[in-house]
*Asks:* 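One structure, pasted below without further comment.
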Amino acid sequence: MIDFNDAPDGFSVGSPQPGVAGRIPAFINSLNDRQREAALTTEGPLIVLAGAGSGKTKMLTARIAYLIEGRGVAPWQVLGVTFTNKAAGEMRERVEKVLRESGSGHLGAPEIGTFHSVCIRILRREIHRTPFTKPFVIYDDADQLTLIKGAMNKLAIDEKSVSPKGVQSAINRAKCDALQPEDVEPSAHNFFERQFKRIYEQYQKDMFANNAIDFGEIICLTYRLLRDHPDLRSSYQRRFRYIHVDEYQDTNRAQCLLLSMLAAPMNGGHGNICVVGDEDQSIYKWRGADIRNILDFEREYPGARIVKLEQNYRSSKTIIRAAGEVIKNNTARRDKTLWTDNPEGVKIIRAQVPDERAEAEFTVSEIKRVAQGENRPYGDFSIFYRTNAQSRQFEDVLRREKIPYQIVGGLRFYDRKEIKDILSYFKAILNPSDSVSIKRIINTPARGIGKTTLDKLDDWLALPENHARTFWDALAKASSDTSLVSAGTGKKLAAFIQLMERFIIEQPKLTLSELYHLILDETAYVVDLRKEGTEEALARIENLEEFDTLLQEFDEDNFFSHAEAPAGAETKPPQKADLLALFIEQTSLASDVDKLDDRSATVKLMTLHSSKGLEFPVVFLAGMEDGLFPSIKNWEETPVEDIEEERRLCYVGMTRAREKLYLMNAVMRRIWGDTHCNEPSRFFLEMPSELLDYKDYSNRLGQGSARSSFVGSSSRYLRDEYSQEAPSDSSVSRRTATFSKMPGTIQNDLVGRQMSHADYGPGTIIAVDGAGDDRKVTVEFRGRQQRKFMLRYVASYIV
DNA sequence: ACGCCGACCGTCCGA
DNA sequence: CGGTCGGCGT
């Protein structure tokens with residue numbers, strides 16, 4: 001979609017004429033030498049190794065703007081590919097801002113999007129060259145699995161002998177490598193592989209017959225389209241004359257092949273491709289990311305220039321040094337070292353806590369303390385963890401303390417059952433050949449059409465003499481043919497068909513919101529939920545209302561953008577069916593990070609993976625325990641590459657922090673009901689200890705009035721279990737948030753006094769150091785065991 | 001056709 | 001532990 005008038009006229013007054021080749025615009029001056037070199041190297045292949053926080057988005061933005069403004073390249077000839085919608089949106093925004101400020105906004109916008117959105121645009125445009133007969137819908141993982149099960153059913157392959165989930169992951173893996181069913185060569189004795197090839201074949205047929213496409217196929221099909229149609233290939237090569245790829249280290253084989261169709265000289269391409277990546281931030285190997293892409297770039301594009309961006313503008317020296325020391329331990333990396341001119345900053349706080357509850361209590365009390373003490377908004381804070389399951393404790397405590405937070409991950413809004421139901425109606429209306437959606441809604445709400453009936457239809461469909469292609473055909477047949485199903489069922493089927501046909505007829509006249517209300521009215525969906533009356537049902541109704549708001553916003557946006565299109569423009573007004581397709585597509589491609597609002601004053605919770613590309617003044621990294629992070633299932637058989645990927649994840653997490661970094665480990669953690677006692681993460685050993693401020697709270701349990709507020713509901717028995725093994729240098733330093741009020745009996749002459757500690761029993765104070773509130777005492781207990789405590793904290797034990 | 005109960009199984013995540 | 005799914009009983 002082309003944006004016609006983005007530039008207010010006033011902006012271009014007095015600006016030099018754009019498009020003068022060779023002119024170097026002002027925004028280039030704000031780049032450092034390396035960034036400038038990358039931005040100005042517009043011709044030929046270029047690989048930019050950009051460390052964390054080295055300003056690669058700034059460089060890319062400047063480069064694209066320079067191409068358009070300085071070298072007179074038309075915006076639509078510039079392509080920018082990113083991994084998330086959020087990254088694409090940010091880049092688009094920044095490019096447009098630069099162009100607008102220098103008066104070139106009227107030239108239009110470059111094509112910037114994710115691999116998937118760019119490919120979908122190509123596929124829609126070239127749909128007559130694809131197997132699709134109608135606008136296709138996008139299948140998510142759940143839809144895909146349903147289709148796989150259907151394919152296995154057709155082939156009479158038992159789900160117990162071949163796991164559908166296993167097939168799904170094998171199909172997706174094959175698609176990452178751009179392998180089609182015919183490229184799969186099963187080993188002769190491997191039962192799974194032989195079955196897999198058959199299922200994959202059937203699956204592909206079914207998918208196309210449904211006019212549906214899965215995520216992997218979006219890339220693969222586009223690649224094959226360009227590979228097999230030389231005319232198309234050269235036309236897109238002429239169209240996208242300058243190609244930019246962000247996060248290149250995370251591309252898979254299929255994406256790499258696709259790019260090579262557009263740009264590689266060996267395929268007749270222009271070679272103007274700029275890839276930006278950092279192998280130290282490659283964290284998606286398990287998803288098919290292929291490290292060879294970045295290593296072999298020079299081979300695919302001979303004569304490629306290499307530029308390294310090593311200056312970090314984000315973090316303190318302390319954080320950069322610590323992260324650098326960690327990543328240094330990886331072998332599979334290019335030689336580069338991140339450095340920074342930023343201040344030294346404060347030490348990294350490395351806290352050891354008794355359990356996951358204490359971890360959350362400590363985190364939240366620190367957030368409160370720092371937010372108050374340093375006058376920071378809650379939006380400055382973020383909490384990262386390895387797995388989504390770890391978010392629970394943090395949510396509980398944040399909610400209790402009434403601190404606003406936002407959580408990334410977990411269930412997507414569009415993945416909620418009620419939303420998926422309505423979306424399935426939308427999909428089926430747009431594309432009745434979509435059997436997965438039809439099957440989902442045919443008995444939602446309940447219409448008395450059950451599994452037996454669906455199986456009968458599938459069986460009928462499988463008979464070769466019936467030339468029906470889609471499930472919808474079978475449905476139509478059965479609704480009138482009494483030999484297939486009972487008369488009663490036939491009536492029910494006929495009623496369903498009539499309902500759907502009504503929707504299909506009405507749809508072109510309705511806005512999305514009107515269509516939505518028609519569906520709800522005719523199906524009594526909400527009425528049924530109201531009848532249920534449970535809390536869960538009410539939450540669903542609320543979600544549906546929120547969904548309606550989204551629809552209305554979408555309707556308005558598209559009404560206005562249409563209304564504002566210049567008179568006489570060649571673009572056709574969008575049809576309602578196009579808008580419906582567009583909406584469905586957006587929901588399929590939306591991710592959770594995309595809607596993360598980084599300006600809101602809320603604490604952000606997310607996995608380490610989601611954190612990539614973001615930055616926060618204060619970062620808490622939770623669960624740094626061997627086994628959990630690094631995640632290790634099998635201690636003997638974990639290959640070193642897996643540990644290196646975990647180390648990169650650690651590096652990514654640490655380098656998100658600008659000023660303050662907390663690294664936490666729990667001595668004990670409950671996972672799936674089992675208690676685990678893990679060693680502190682091995683990554684701690686890789687950080688220079690002088691950069692860490694070690695705080696050991698692992699013995700701080702159940703100590704009556706003196707206990708710190710961050711120790712929550714941990715049970716008492718733990719104390720006995722762990723007090724024996726506590727590290728001997730355990731020290732509790734500085735104040736941590738909201739200690740209970742101490743009795744005001746702290747005296748000067750403390751050495752030699754006796755105390756009775758709740759954990760360690762009787763002891764003698766042998767030393768005092770520090771001053772004021774930060775005074776610490778060293779106490780010797782039975783067996784010459786020494787411990788150091790904050791005075792405020794143990795004052796009540798002094799006899 | 002539907003509802004309940006028990007077995008199973010679980011990372012990370014993305015378009 | 002907790003959600004999902006499949007099978008079985010009504």
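These numbers come from the heavy atoms of this one structure, side chains and all, not from hydrogens, waters or symmetry mates. Residue numbers begin at 1 in each chain, while the letters A, B, ... track the order of the sequences.
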*Asks:* At under 4.0 Å between heavy atoms, which parts of nucleotides 2-12 of chain B does protein reach? Answer with one letter per nucleotide, 5' to 3': B base, S sugar-phosphate only, - none.
*Replies:* S-------BBB

*Asks:* Give A:Asp140 one of three labels, base, sugar-phosphate or nothing, depending on what nucleic acid heavy atoms sit under 4.0 Å from its own.
*Replies:* nothing

*Asks:* If only atom types and distance count, is the side chain of A:His244 paired as donor or acceptor with the main-chain N or O of A:Leu79 below 3.5 Å?
*Replies:* yes

*Asks:* Could you work out, with side chain to side chain contact (heavy atoms under 4.5 Å, CB included) as the rule, every residue matching A:Glu585, not counting sequence neighbours?
*Replies:* A:Ile120, A:Arg124, A:Ile138, A:Leu589

*Asks:* B:dA15 C1' sits how many Å from A:His116 NE2, rounded?
*Replies:* 4 Å

*Asks:* Roughly how many Å is it from CD in A:Glu356 to C1' in C:dC1, rounded to a whole number?
*Replies:* 12 Å

*Asks:* Between protein and nucleotides 3-6 of chain C, what N or O pairs are separated by less than 3.5 Å?
*Replies:*
from: C:dG6; atom 1: OP1; to: A:Lys149; atom 2: NZ; distance (Å): 3.1

*Asks:* Using only heavy-atom distances, determine whether the side chains of A:Glu217 and A:Gln204 contain a donor-acceptor pair under 3.5 Å.
*Replies:* yes

*Asks:* Does any N or O in the side chain of A:Asn210 come within less than 3.5 Å of the main-chain N or O of A:Asp206, such that one atom is a donor and the other an acceptor?
*Replies:* yes

*Asks:* With sequence neighbours left out, what residues match A:Lys456 under side chain to side chain contact (heavy atoms under 4.5 Å, CB included)?
*Replies:* A:Val485

*Asks:* Who passes side chain to side chain contact (heavy atoms under 4.5 Å, CB included) against A:Leu550, sequence neighbours left out?
*Replies:* A:Phe413, A:Tyr414, A:Glu553

*Asks:* Pairs counted only when both distances fall under 3.5 Å, Watson-Crick or G-U: show me the 5' to 3' dot-bracket for DNA chain B, [ ] for pseudoknotted crossings and | for other-strand partners.
*Replies:* ||||||||||.....

*Asks:* So does A:Ile584 get a backbone contact from the side chain of A:Ser588, meaning a donor-acceptor N/O pair under 3.5 Å?
*Replies:* yes

*Asks:* Please state whether the rings of A:Phe426 and A:Phe547 are parallel, tilted or perpendicular, taking 30° and 60° as the class boundaries.
*Replies:* tilted

*Asks:* Using only side-chain N and O atoms of A:Ser117, determine if any of them is under 4.0 Å from OP1 or OP2 of B:dA15.
*Replies:* no

*Asks:* Locate the shortest heavy-atom distance separating A:Tyr248 from A:Asn293; write the atom from each residue and the value.
*Replies:* CE2-O, 3.3 Å

*Asks:* Contact class for A:Phe215 vs. all strands (heavy atom < 4.0 Å): base, sugar-phosphate, or nothing?
*Replies:* base

*Asks:* Would you indicate what A:Thr84 reaches in the nucleic acid, counting non-hydrogen atoms under 4.0 angstrom: base, sugar-phosphate, or nothing?
*Replies:* sugar-phosphate

*Asks:* Can you tell me how far the CD1 atom of A:Ile294 sits from the OG1 atom of A:Thr251, to the nearest 0.5 Å?
*Replies:* 7.5 Å

*Asks:* Does the side chain of A:Glu247 come under 3.5 Å of the side chain of A:Tyr284 through a donor N or O and an acceptor N or O?
*Replies:* no

*Asks:* For A:Phe136 and B:dA15, give me the distance from atom CZ to atom C1', rounded to whole Å.
*Replies:* 13 Å

